[in-house]
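Chain naming here is simple, since letters A, B, ... match the order of the sequence lines and numbering starts at 1 in each.
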Amino acid sequence: MRLSQLLLPTVKEDPAGAEAVSHKLMVRAGLVRQLAAGIYVFLPAGWRVMRKIEAIIREEMDRIGCQELLMPVLQPADIWQESGRWDEIQEEMFRLKDRKGADMALAMTHEEVITWLAAREIRSYKQLPQLWYHIQTKERDEARPKSGILRTREFIMKDSYSLDRDVDGLQASYEKHMYAYDRIYDRCGLEYLMVDGDSGMMGGDISHEYMAYADAGEDEIAFCEGCGYAANVQLAGAGLDEEPQLEIPPFGDIETPGVRTIEEVAGFFGLPARAFMKALVVISEDEGPVMALLRGDHELSELKLRRVIGEFRLATGDEVLEAQGVEAGFVGPITTPLPVVADEALCSGVYLAGANKPDHHKSGVSAEQLAEATPAGVRFAELREARAGDRCPQCGEGRLKSARTIEIGNIFQLGLKYSVPMGATYLDEAGEERPIVMGSYGIGLARIAAAAIEQHHDERGIIWPRAIAPFDVHVALVRAGDETQRALAERLCGELPAAGFEVVFDDRDVSAGIKFADADLLGCPAQVVVGKRAAEGVVELKSRATGCREDVAVHDLGHALRALLASA
RNA sequence: CGGGGUGUGGCUCAGCUUGGUAGAGCGCUCGGUUCGGGACCGAGAGGUCGGCGGUUCAAAUCCGCCCACCCCGACCA
């Protein structure tokens, strides 16, 4: 591939508005261009990276016996209506009508098509298990596309689906995917970990997310270095430490004019935030208004509360007033007609809380009083979000640390969620009809590329892991006008590909500085500089990762390259 | 969807407050000198100033509406 002909539009300046390193570098290195918000063109070098990732995924999926097929992006509405998601999903799905006026959807995912296929083609237990996958474009009308290629409205995903007779079979298919995913991410040179996913409201469904460390990531995970525990912060268990009881005024009302937030109250009383109870009024879809209680220094994990009361939203100011008879800021559990869900940190200790009358707080509130003051009942549960420094909930020894990550894949035990409503069943040995037990498994290809850049770059540019680099070797001809140099470079660029290397050849008639800068930006693992010593048959070999350079005789170049690439 | 911001040659931006001839750097074209870490000199090409409407003798600049893009939040099978 000759750079004089290759569409590799490198740019010196960061694109306007780009924040994520991977976004800046992908644009600067000439890998991608943005067409619209969350919609990108992959340029030749960027597409080569995607193809490499795709090939690795394909190999590993094939290895576990997953069969590749291809499902359409454009889909009829009726299968989505059958699964119930036509109404369940709102703005996020692109919808359109065909010329006859029939409703159509652009695929956000392919569970419906898979289940439709399974319902038609799977009849007997003898056909199970099945593992199917495809690598296909997905369309999602994201509320907020961002961070370059990380969150887009159109993206390519490998998604696979398992069909099993029972939960044991599903577990086996699930574990096959874990095996494949580890190999895929390892081969792509990523540092990642698997965390517990949101089990959702279906109860019992198990899922895991694969997270790659990256500051530009949108997800925060909590993990314990001691025992390997890891989970999304929203979900992570938060161990509690014994803390000395604070001096709280005895039970009674205290006038606190205009003091509403925890910060203000803490300042007013000269006590730390953990001396207070904070009360949030939420509107549960199942239960109506509910009061959630947390210690002042804790934050609510919406996922954890959702497990207790189902889907909910925060109450508006008016709703708080209506439900509790006092404005937000002075709401408390003593006394309340609302059902109360309290974080278990409040099981012990004495606290200050809102007094349910304007400009007053109640002191000396303890767990015992909650039961009496709340006729609608109190439930204790872990509601608080984990934070760095919390005791590890698994081993109880280590301290949680937090890190930002990019979700590069997930695996999900769907169970009967689609097979039952869509009638995907099989006959077992006894001739009885049973629903197929399903799983679904995704990997975002571009996110792997972005995560690799986030993890492997320096101030000059990208440092690709060899397996997904656009090329293995970047050959730079220092002086395009020098016949000796050019002849040697041309010779190498004929021989190296024949020896199995993927080569990009910078044959442009531009200054050496530009060539070196572009080579570092693009980030191919090996650079071969054909320069001054060309007449002696000597070139310079540089490792992009280490920056080490050495002069190598042309006849040794193949070996030297192999050695360098093996370590990249 | 709520809050904030930005739209000016291909790219990154200045000009707008205080209305009056549209600018810089990079890139591009041509000529010359350079030639191992984004060279230099000279000569050029290239812009409906996001769109529509309004105010005005006059609008990139002031006002209104719309659109696009970015950031924070909400949302995210």
Sugar-phosphate only, base, or nothing, as touched by A:Arg33 at under 4.0 Å among non-hydrogen atoms: nothing
Length of the line joining A:Leu150:CG and B:C70:P, which is rounded to integer Å: 13 Å
Between B:C76 (P) and A:Ile89 (CD1): distance, integer Å: 11 Å
Length of the CD-P vector between A:Glu218 and B:C75, whole Å: 13 Å
Considering only nitrogen or oxygen atoms on both sides, find all protein atoms under 3.5 Å from nucleotides 44-46 of chain B and state each distance.
none

Main-chain N/O of A:Gly461 paired to A:Asp458 side chain as donor or acceptor, under 3.5 Å: yes
5' precedence on RNA chain B between A:Gln34 and A:Arg28 (nearest-nucleotide basis): A:Arg28
Test side chain to side chain contact (heavy atoms under 4.5 Å, CB included) applied to A:Glu299 and A:Arg387, A:Arg384, A:Lys278, the passing residue: A:Lys278
side-chain hydrogen bond (donor to acceptor under 3.5 Å, both in side chains) partners of A:Lys304, counting only residues at least two apart: A:Glu382
Main-chain N/O of A:Glu111 paired to A:Trp116 side chain as donor or acceptor, under 3.5 Å: no
d(OH, A:Tyr40; C1', B:C70) in whole Å: 10 Å
Sugar-phosphate only, base, or nothing, as touched by A:Ala512 at under 4.0 Å among non-hydrogen atoms: sugar-phosphate
Atom of A:Asp286, atom of A:Gly310 and distance for their closest heavy-atom approach: OD2-CA, 4.1 Å
Pairwise P distance for B:G64 and B:U55, with rounding to whole Å: 15 Å
Sugar-phosphate only, base, or nothing, as touched by A:Ser147 at under 4.0 Å among non-hydrogen atoms: sugar-phosphate
Sugar-phosphate only, base, or nothing, as touched by A:Lys532 at under 4.0 Å among non-hydrogen atoms: base
Side-chain N or O of A:Arg144 closer than 4.0 Å to phosphate OP1/OP2 of B:C76: no
Gap between atoms CD1 and P, on A:Ile283 and B:A74 respectively (whole Å): 19 Å
Touch class at under 4.0 angstrom, heavy-atom based, for A:Glu112 against every strand present: nothing
Side-chain (A:Tyr185) to main-chain (A:Ile408) donor-acceptor, under 3.5 angstrom: yes
Heavy atoms from other residues, nucleotides or ligands near CD of A:Gln5 exceed 12 (cutoff 6.0 Å): no
For nucleotides 29-33 of chain B, give me every protein contact, N/O to N/O, under 3.5 Å, one pair per line with atom names.
none

Check nucleotides 8-16 of chain B for protein N or O atoms closer than 3.5 Å to its own N or O atoms and list the pairs.
| from | atom 1 | to | atom 2 | distance (Å) |
| --- | --- | --- | --- | --- |
| B:U12 | OP1 | A:Ala16 | N | 3.1 |
| B:U12 | O4' | A:Glu13 | OE1 | 3.4 |

B:A22 versus B:A45 - spacing of their P atoms, nearest Å: 15 Å
Contiguous Watson-Crick or G-U pair runs (3 or more, under 3.5 Å) in RNA chain B: B:1-7 with B:67-73, B:10-13 with B:23-26, B:28-33 with B:39-44, B:50-54 with B:62-66
Position toward the 5' end of RNA chain B (nearest nucleotide), A:Phe516 or A:Gly442: A:Phe516
Whole-Å gap separating P (B:C75) and CD (A:Gln90): 13 Å
Any A:Ser511 side-chain N or O less than 4.0 Å from OP1/OP2 of B:A39: yes
d(NZ, A:Lys417; C1', B:A77) in whole Å: 7 Å
A:Glu263, CD: over 12 other non-hydrogen atoms inside 6.0 angstrom: no
Ring centre gap for A:His474 and A:Phe505 strictly below 6.0 Å: no
Ring pair (Phe, Tyr, Trp, His ring centres under 6.0 Å) contacts touching residues 132-164 of chain A (sequence neighbours left out): A:His110-A:His134
Atom pair distance, as rounded to whole Å: CD in A:Glu92 and P in B:C1: 15 Å
Touch class at under 4.0 angstrom, heavy-atom based, for A:Ala36 against every strand present: sugar-phosphate
Backbone of A:Leu477 reached by a side-chain donor or acceptor of A:Lys515 within 3.5 Å: yes
Sugar-phosphate only, base, or nothing, as touched by A:Glu88 at under 4.0 Å among non-hydrogen atoms: nothing
Polar pair under 3.5 Å, donor/acceptor by atom type, side chain A:Lys542, base B:G36: no
Side-chain donor or acceptor of A:Arg486 paired with backbone N/O of A:Ala480 under 3.5 Å: yes
